[in-house]
Amino acid sequence: MYAENYKRFLQIIDELREFEGALIVEGMRDEVALRNLGVRAEIIRLSRLPLAEVALIASSHRDVMILTDFDRKGEELAKKLLRYLNGYPCRVDIKTWKELRKLVRKDVKGVEDLYELYLKVSVSDPRREGIE
């Protein structure tokens, strides 16, 4: 990750921590990584349910954030989920996923890797000095 992106990456992590809606992720390791980052929002895993059912559950929240992996499969899942959620009155955030994907694409493949990247960026990476 480029040093100029560190600050924005950390801001997005803070936004995830403060998010109060439902987060949709692909699997258990994604959920574990987000919990390790301090995310307290409800997390709905795609690996457990059909997409239509995930959309129905998520739609009971005012705000829904799609946070699939950053690979081609994750992109396809995000697009499908967006179509499913389009008919519900909830607000769907896919912009955060797009921005995060753009920032970390070269460093991680998916949500499950965000915690390790966060540790690297926030604690041990000397290039981060002087950014905040």
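No hydrogens, no waters, no symmetry mates; every other heavy atom, side chains included, goes into these values. Everything numeric in this text was worked out from a predicted model, so none of it was measured.
- More than 12 non-hydrogen atoms from other residues, nucleotides or ligands lie less than 6.0 angstrom from CZ of R17.
- Results of the side chain to side chain contact (heavy atoms under 4.5 Å, CB included) test with I66 over V92, L77, T96, L46 single out V92 as the only residue that passes.
- Looking at heavy atoms from C-beta onward, I43 lies out of side-chain contact with I24 at the 4.5 angstrom threshold.
- The side-chain heavy atoms of N5 and V104, taken from C-beta on, include no pair separated by under 4.5 Å.
- Other residues, nucleotides and ligands contribute more than 12 heavy atoms inside 6.0 Å of the CZ atom of R35.
- You'll find the side chain of L100 reaches within 4.5 Å of the side chain of L114, heavy atoms only.
- Side-chain contact check for V25 versus I44: every heavy-atom pair is 4.5 Å or farther apart.
- Remark: R45 CZ is packed, more than 12 non-hydrogen atoms of other residues, nucleotides or ligands lying under 6.0 Å away.
- For K79 and E75, the salt-bridge test passes: some basic side-chain N is under 4.0 Å from an acidic carboxylate O.
- The pair K109-D71 does not meet the salt-bridge criterion, since no charged nitrogen lies less than 4.0 angstrom from a carboxylate oxygen.
- Counting heavy atoms from C-beta outward, W97 and M65 have side chains that stay 4.5 Å or more apart.
- A salt bridge between E20 and R40 is absent, with no side-chain N of the basic residue lying under 4.0 Å from a carboxylate O of the acidic one.
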